[in-house]
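The structure under discussion appears below in the form of structure tokens.
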Amino acid sequence: MSNEHNVKDALNIYGTKLNSRLLIGSSMYPSPSVMQQAIQASGAEVVTLSLSRQNPQASGGQAFWESIQSLGLHLLPNTAGCHSVNDAVNMAQMSRELFQTDWIKLELVGDDYNLQPDPIALVKATEILLGEGFKVLPYCTDDLVIARHLVELGCEVLMPWGSPIGTGKGILNPYALQAMRDRFPDVTMIVDSGIGLPSHATQALEMGVDAVLLNTAVAKANDPVLMGQAFAKAIEAGRSAYLAGPMAERTAASPSTPTIDSPFWHQSA
Amino acid sequence: MKSDYFINNEAHEIAEGSTINAAILSFDAKPPYAILVNDTFLPKSEHEHFILTPNNRIEVISAIQGG
């Protein structure tokens, strides 16, 4: 795509325009160096990170922070591991002070088996954080009604799951995601979890989803740098296909060669 | 006189009447960090004014990898 096209077709996150439609995580890479190379290869302009207790005796935390800063990307802190509204709000406030950003990827775990978001706590925390000036990117399921509550509160971004975090199962319920896309055409929609393959990302973008956020699929690949490149291409292909307007699916066959039903020498001139 | 405070779940003896900044110094925290006191965020602007009381639980929080 040309630069001019990219500017017109930018991803919009609360008014920030981005060329890449991939948001990427910073966890589980085999080394800090591979993390940096894979993130750069993916073309992502947003990287997610989190918070934990500091251990002054361990140097890894400081090294990670310096490594992330050197990438020069937008930071998207998350509230991973929070089970209560209070914990999520506290974590968001600490993240804003530490990372100097109003963006928060709001995660509230409702069940430890599939890490499914708690929809009730999510809505409550979203309301509090939007009221405090945060730009909330809520990690939600593909439930249309919860999405509607989040949008009505003022969320300009929705981040539904494709499948549970880290499973790599792709988009388990395309109908639900398509319904969300159709119902909220002006909201930035990012599939946030379950993407395992570049083809899953392509599928999401072909549906009109604005972007994907992933981590494990790149970090746990045998070659994370090559997989980062693969996702960049897959996402570009999916977006181009969406903009191009796919053909309508049909039940009956239809010949693509006009004369396929009879040899041309049997046809009249 | 010194009292016990908990920093990242470990007991530390700090002089009574100390501020959060004094506690952070004794912990040798590396910036950048954020602070929780008794499970509540304490903004940086309050670190030098907030006076600890015995058994306060302080958490020193910093960046880690995340997805």
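We name chains A, B, ... by the order of the sequence lines, and we start the count at 1 in each one. Note that the structure is a prediction, hence the values are computed from the model and not measured.
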List, with distances to 0.1 Å, the donor-acceptor pairs found between chain A and chain B - the cut-off being under 3.5 Å and no angle criterion applied.
residue  : atom : partner : partner atom : Å
A/Ser26  : N    : B/Gly66 : O            : 2.8
A/Ser26  : OG   : B/Gly66 : N            : 3.0
A/Ser26  : OG   : B/Gly66 : O            : 3.3
A/Thr48  : OG1  : B/Gly66 : O            : 3.0
A/Thr48  : OG1  : B/Gly67 : O            : 3.4
A/Ser50  : N    : B/Ile64 : O            : 2.9
A/Ser50  : O    : B/Ile64 : N            : 2.9
A/Ser52  : N    : B/Ser62 : O            : 2.9
A/Ser52  : O    : B/Ser62 : N            : 2.9
A/Arg53  : NE   : B/Glu59 : OE1          : 2.6
A/Arg53  : NH2  : B/Glu59 : OE2          : 3.0
A/Gln54  : N    : B/Val60 : O            : 2.8
A/Gln54  : O    : B/Asn8  : ND2          : 2.8
A/Gln54  : OE1  : B/Lys30 : N            : 2.6
A/Gln54  : NE2  : B/Lys30 : O            : 2.7
A/Gln62  : NE2  : B/Pro31 : O            : 3.2
A/Asn78  : ND2  : B/Gly67 : O            : 2.8
A/Asn90  : OD1  : B/Phe41 : N            : 2.8
A/Asn90  : ND2  : B/Asp39 : O            : 2.7
A/Glu97  : OE1  : B/Lys44 : N            : 2.7
A/Lys105 : NZ   : B/Gly67 : O            : 3.1

Inspect the surroundings of CD1 in A/Ile120 and state if more than 12 heavy atoms from other residues, nucleotides or ligands are less than 6.0 Å away.
no

Just how far is it from atom CD1 of B/Ile35 to atom CG of A/Leu98, taken to the nearest 0.5 Å?
10.0 Å

So, the part of B/Pro43 with a heavy atom under 4.5 Å from chain A: the answer is both

Can you tell me how far the CG atom of A/Leu51 sits from the CD1 atom of B/Ile64, to the nearest 0.5 Å?
7.5 Å

